[in-house]
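By convention here, the first residue in the shown sequence is residue 1.
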Amino acid sequence: MADDMGSTVPRRQLGRALRELRTEARMTLDGAAKALECSRQKVWRIEAGLSAVRGLDVRAMCDLYGATPELTGALTGLAGETRARGWWHAYGDTVPDWFELYVGLESAAGRLREHDDTLVPGLLQTRDYASAVCQHRSGMTDDERERLVEMRLQRQVLLRRRLPPPPRFDVMLSEAVLLRVVGGPATMAEQLRHLVELGWLPHVSIRVVALAAGLHFGAVAGAFVLLDFPPGNRVEPEPSVVYSESLTGALYLDRKEELAAYERIWASLDSLALDELQTRHLITKISEEVHHG
């Protein structure tokens, strides 16, 4: 019963990190289990993200695999979150650079569904648009902002990768996103042309919810991403995750009732949004008439 409790999000990230450490140490599951004096099944379940994990076990595995003290401390701390019912991931110096939780989940997803009523999603941003957005991050040096932009652009390789196939990416944008000037008219015109171009990719769908739709569930919910995962070697796929970001951190939700609520929000957006052809026409019209592109 204990294994059914808590969030799957930190379990997956912890399991992925421990599996990578074991692989780098050139150890098999059987070899690790023998050295740790436990069953092969236990090591496998931890790596698969199927079990809540004790910090003691994580520390023993890190010692066996030769992990750095900093990495060992981070993973041991993460073990304490594997029983939490929701997980708050805070940004800042306490989170190591290698520990990009959302990016790892994004890369593993088979489908991404993103709603944004404020900004163009990061996977769809041009360099100039991303730079303008990052200028509003306070407490950062110019070099740090530039690294943030580069990381955002690097993430976009996901949409054009060959193997594994890129995820299905469905986007719902508020019309306000197209009208809001970020970085100046020229930047906006380029960004909107980029949206039209990406919308022609077979695995990308971009649709707009017009302001005339009024107040709706999506406007109340704000920006979020629904991540769905392929089955892989499992009969059942990994549970979906809802990601909601704020200025200081991000909330990951994966309880059934939470997922059901966001599925209802997505269904509402789907019923309100313009179709893809109408969306392209609207984006082009706003680019030309508002941003003079």
Intermediate values then yes/no, salt bridge (Lys or Arg N to Asp or Glu O under 4.0 Å), Arg155 and Glu150: CA-CA 9 Å; Arg155 279 175 53 210; Glu150 290 298 332; over 6 Å; no
Determine whether Leu259 and Leu253 make a side-chain contact, defined as any pair of heavy atoms from C-beta on separated by less than 4.5 Å. no
Spatial distance of atom CE (Met27) from atom CG (Leu64) [nearest 0.5 Å]: 4.5 Å
Validation row: Leu158, Pro166 side chains within 4.5 angstrom (heavy atoms): no
Spacing of SG belonging to Cys134 relative to CD belonging to Gln125, to within rounding of 0.5 Å: 7.5 Å
Got a sec, which pairs hit ring pair (Phe, Tyr, Trp, His ring centres under 6.0 Å) with one end in residues 173-222, sequence neighbours left out? none
Selection residues 278-293 - residue pairs positive for side-chain hydrogen bond (donor to acceptor under 3.5 Å, both in side chains), sequence neighbours left out: none
Taking the side chain as C-beta and beyond, is there a heavy-atom pair between Leu14 and Leu18 under 4.5 Å? yes
Could you pull out the closest heavy-atom pair between Ala109 and Leu112, with the gap in Å? CB-CD2, 3.7 Å
Identify the heavy atoms of Asp270 and Met172 that sit nearest to each other, and give their distance. CA-CE, 3.6 Å
Side-chain touch Leu211/Leu179, heavy atoms, less than 4.5 angstrom: yes
Take Arg127 and Glu190 through the test salt bridge (Lys or Arg N to Asp or Glu O under 4.0 Å) and record every step on the way to the result. CA-CA 10 Å; Arg127 175 180 290 276; Glu190 178 193 28; over 6 Å; no
Nearest non-hydrogen partners of Val181 and Pro185, listed with the distance: CG1-N, 4.2 Å
Hey, does Leu201 have a side-chain heavy atom less than 4.5 Å from the side chain of Phe169? no
Do Val171 and Leu123 belong to the same hydrophobic cluster, where Ile, Leu, Val, Met, Phe, Trp and Tyr are linked whenever their side-chain heavy atoms lie under 4.5 Å apart, directly or via other members? yes
Do Val149 and Met151 belong together in a cluster built from hydrophobic side chains that touch within less than 4.5 Å? no
Indicate yes or no for a side-chain donor-acceptor contact from Gln156 to the backbone of Gly122 under 3.5 Å, with no hydrogens or angles considered. yes
Could you go through the salt bridge (Lys or Arg N to Asp or Glu O under 4.0 Å) check for Arg207 and Glu276 one step at a time? CA-CA 6 Å; Arg207 297 171 62 195; Glu276 291 183 62; over 6 Å; no
For the pair Arg161 (side chain) and Pro164 (backbone), establish whether a donor and an acceptor sit closer than 3.5 Å, ignoring hydrogens and angles. yes
Could you walk me through whether Gln191 and Val182 pass side chain to side chain contact (heavy atoms under 4.5 Å, CB included), step by step? CA-CA 9 Å; Gln191 176 64 73; Val182 175; over 6 Å; no
By side chain to side chain contact (heavy atoms under 4.5 Å, CB included), Glu24 pairs with (sequence neighbours left out) Leu21
What residues form a ring pair (Phe, Tyr, Trp, His ring centres under 6.0 Å) with Tyr65, not counting sequence neighbours? none
Any chance CD of Glu37 has more than 12 other-residue heavy atoms, nucleotides or ligands included, within less than 6.0 Å? no
Would you list the pairs meeting side-chain hydrogen bond (donor to acceptor under 3.5 Å, both in side chains) in which at least one residue belongs to residues 166-185, sequence neighbours left out? Arg111-Asp170, Arg168-Asp170
In terms of heavy-atom contacts, Arg45 and Ser51 come closest through NE-OG, 3.1 Å
With heavy-atom distances below 4.5 Å as the criterion, would you say the side chains of Val242 and Val225 are in contact? no
Treat each ILVMFWY residue as a node, draw an edge where side-chain heavy atoms are under 4.5 Å apart, and state whether Val133 and Leu153 are in one component. no
Could you tell me whether a side-chain N or O of Glu114 sits under 3.5 Å from a main-chain N or O of Pro121, the two making a donor and an acceptor? no
Ile265 vs Leu269, side chain to side chain contact (heavy atoms under 4.5 Å, CB included): CA-CA, chis, key distance, verdict: CA-CA 6 Å; Ile265 293 168; Leu269 290 166; 4.2 Å; yes
How far does CG of Asp63 sit from CE of Met61, to the nearest 0.5 angstrom? 11.5 Å
Whether the side chain of Tyr129 engages the backbone of Thr187 through a donor-acceptor N/O pair (distance < 3.5 Å, no angle test) should be reported. no
Where is the tightest heavy-atom contact between Ala108 and Pro230, given as atom of each residue plus distance? O-CD, 3.4 Å
For Ser240 and Asp254, the nearest pair of non-hydrogen atoms, with its separation, is O-CB, 3.5 Å
Within this structure, what is the OH-CG distance for the pair Tyr243 and Leu105, rounded to the nearest 0.5 Å? 10.0 Å
Residue pair Arg145, Gln135: steps toward the side chain to side chain donor-acceptor pair (under 3.5 Å) verdict: CA-CA 7 Å; Arg145 290 191 183 94; Gln135 285 302 315; 4.5 Å; no
Which is it for Glu144 and Thr141 under the side chain to side chain contact (heavy atoms under 4.5 Å, CB included) test, yes or no, and what are the steps along the way? CA-CA 5 Å; Glu144 288 171 335; Thr141 66; 3.2 Å; yes
Is it the case that the ring center of Tyr262 lies less than 6.0 angstrom away from the ring center of Phe224? yes
Flag the pair Glu197 and Arg160 as a salt bridge only when some basic side-chain nitrogen lies within less than 4.0 angstrom of an acidic carboxylate oxygen. yes
Side-chain heavy-atom pair Leu192, Val120 within 4.5 angstrom cut-off: no
Name of the residue among Arg22, Arg12, Arg19 meeting side chain to side chain donor-acceptor pair (under 3.5 Å) with Glu47: Arg22
Should Leu227 and Tyr102 be marked as a side chain to side chain contact (heavy atoms under 4.5 Å, CB included) after you check the CA-CA gap, both sets of side-chain angles, and the distance that decides it? CA-CA 10 Å; Leu227 301 97; Tyr102 176 73; 3.9 Å; yes
How long is the straight-line distance from SG of Cys62 back to CG of Leu75, given to the nearest 0.5 Å? 4.5 Å
Determine whether Leu173 and Leu195 make a side-chain contact, defined as any pair of heavy atoms from C-beta on separated by less than 4.5 Å. yes
Taking transitive links into account, so neighbours of neighbours count too, which hydrophobic residues share a cluster with Val157 at under 4.5 Å side-chain distance? none
